[in-house]
Q: 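Let me give you the structure first, and then I'll get to my questions.
We count ligands from 1, going down the list as the structure has it; atoms in each ligand are counted the same way.
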Amino acid sequence: AVYPVLATVAAYLLGSLSFAVIVTRLMGLNDPRTYGSKNPGATNVLRSGSKAAAIVTLLLDAVKGWLPVVLVRWFGKPYGLEDGTVALVGLAAFLGHLWPVFFRFEGGKGVATALGVLLGISGWLGLATAATWLIVAFFFRYSSLASLVAAVFAPVYYLLVSGVVWYAETSIAVAIAIMAMLLAWRHKDNIRRLIEGKESRLGGSKAAPA
Ligand code: NKO
């Protein structure tokens with residue numbers, strides 16, 4: 001039973017790579033933990049003005065959730081790694097992003113990494129959740145609100161996508177539910193700003209919060 005433990009630790013370490021910090025540092029941009037929402041995430045990197053840096057951050061933060069999940073799914077069977085380990089490594093990568101061992105355990109909100117995990121579990125699940133995010137972001141122009149709505153729908157989509165083919169795994173459903181709850185909790189300041197009408201809009205003016 002050493003392989004599930006090794007896989008989970010490796011996924012946590014991979015998740016601990018805070019790509020918002022790493023990418024901005026490599027590109028010579030300011031540290032996202034010093035401006036805007038102070039969050040090391042793609043949305044806040046976008047507030048630096050560099051779309052390229054934001055996209056690379058989003059991609060790499062998603063890949064670190066996706067990779068451990070698909071590696072276990074595709075190559076785990078001979079090592080005795082089943083769906084329980086899929087759930088564990090996905091959750092471990094997500095937890096690494098929130099509490100990264102390499103960055104004093106001060107990480108992000110887990111949106112991009114959760115998306116990667118969902119895409120690794122099922123392409124349709126990831127696509128449906130990402131589409132939900134895009135629709136809310138398009139109409140309301142708040143990244144945080146889009147993430148919160150997507151997080152509510154993700155567990156529902158999992159049950160639909162897997163239930164239809166009679167395939168829902170309790171461990172995976174629980175992992176998705178835990179990610180959704182932690183993601184919402186990490187957005188508590190965003191929720192307060194949304195209620196107060198002080199949340200910054202996507203593509204909005206950086207000078208005046210409106
Ligand atoms: O700086 O506090 P901020 O305004 O930056 O940021 C709030 C934001 C933080 O998240 C990010 C990552 C942005 C990724 C955008 C595309 C993601 C596609 C949607 C996936 C939703 C996954 C939810 C899964 C829950 C289990 O929110």
Q: Among protein heavy atoms, which lies nearest atom 14 (C) of ligand 1, and at what distance?
A: Leu58 CD1, 3.6 Å
Q: Between Leu134 and ligand 1, find which residue part has any heavy-atom pair under 4.0 Å and reply side chain, backbone, both or neither.
A: neither
Q: Which bit of Asn190 gets closer than 4.0 Å to ligand 1, counting heavy atoms only: side chain, backbone, both or neither?
A: side chain
Q: With a 4.0 Å cut-off on heavy atoms, is Ala42 in contact with ligand 1?
A: yes
Q: In terms of side-chain geometry, is the basic nitrogen of Glu196 or Lys198 positioned less than 4.0 Å from the acidic oxygen of its partner?
A: yes
Q: If every non-hydrogen atom of Leu148 is compared with every non-hydrogen atom of Ala184, which pair is closest and at what distance?
A: CD2-CA, 3.7 Å
Q: Measure from atom 19 (C) of ligand 1 to every heavy atom in Phe94, Trp133, Tyr142 and give the option owning the shortest one.
A: Trp133
Q: I need the atoms of ligand 1 closer than 4.0 Å to a non-hydrogen atom of Asn44, numbered in the order shown.
A: 1 (O)
Q: Determine, using heavy atoms of His187 and all atoms of ligand 1, whether some pair is separated by less than 4.0 Å.
A: yes
Q: Is Arg47 close to ligand 1, meaning an N/O of one under 3.5 Å from an N/O of the other?
A: yes
Q: Identify, for atom 6 (O) of ligand 1, the protein heavy atom at the shortest distance, and state residue, atom and that distance.
A: Thr43 CB, 3.7 Å
Q: Ser147 versus Lys109: any side-chain heavy-atom pair under 4.5 Å?
A: no
Q: Hey, does the side chain of Asn44 reach the backbone of Pro32 with a donor-acceptor pair shorter than 3.5 angstrom?
A: yes
Q: Short list, please: which atoms of ligand 1 are under 4.0 Å from a heavy atom of Ala151?
A: 25 (C)
Q: Between the side chains of Ser122 and Tyr158, does any donor sit under 3.5 Å from an acceptor?
A: no
Q: Within a strict 4.5 Å, meaning less than it, do heavy atoms of the Leu125 and Ile176 side chains meet?
A: yes
Q: Donor-acceptor pair, distance only, cut-off 3.5 Å: does the side chain of Thr24 make one with the backbone of Leu29?
A: no
Q: Checking the side chain of Lys64 only, and the main-chain atoms of Leu17 only, is there a donor and an acceptor separated by less than 3.5 Å?
A: yes
Q: Ligand 1 versus Leu118, non-hydrogen atoms closer than 4.0 Å: side chain, backbone, both, neither?
A: side chain
Q: What protein heavy atom sits nearest atom 2 (O) of ligand 1, and how far off is it?
A: Lys109 NZ, 2.5 Å
Q: Between Glu199 and Ser144, do the side chains contain a donor N or O and an acceptor N or O under 3.5 Å apart?
A: yes
Q: I want to confirm something. Looking only at heavy atoms, which of Leu125, Val111, Ile178 is nearest to atom 17 (C) of ligand 1?
A: Val111
Q: To which protein heavy atom is atom 20 (C) of ligand 1 closest, and what is the distance rounded to 0.1 Å?
A: Leu115 CB, 3.8 Å
Q: Ring of Trp66, cation from Arg73 - is the NZ or CZ under 6.0 Å from the centre and inside 45° of the axis?
A: no
Q: Please check whether Ser147 reaches ligand 1 - meaning an N/O of the residue sits under 3.5 Å from an N/O of the ligand, judged on distance alone.
A: yes
Q: Judging by distance only, is a nitrogen or oxygen of Ser37 under 3.5 angstrom from one on ligand 1?
A: yes
Q: When you check the side-chain N and O atoms of Arg201 and Tyr142, is any donor under 3.5 Å from an acceptor?
A: yes
Q: Checking a contact table here: which protein heavy atom is nearest atom 21 (C) of ligand 1, and how many Å away?
A: Ala150 CB, 3.6 Å
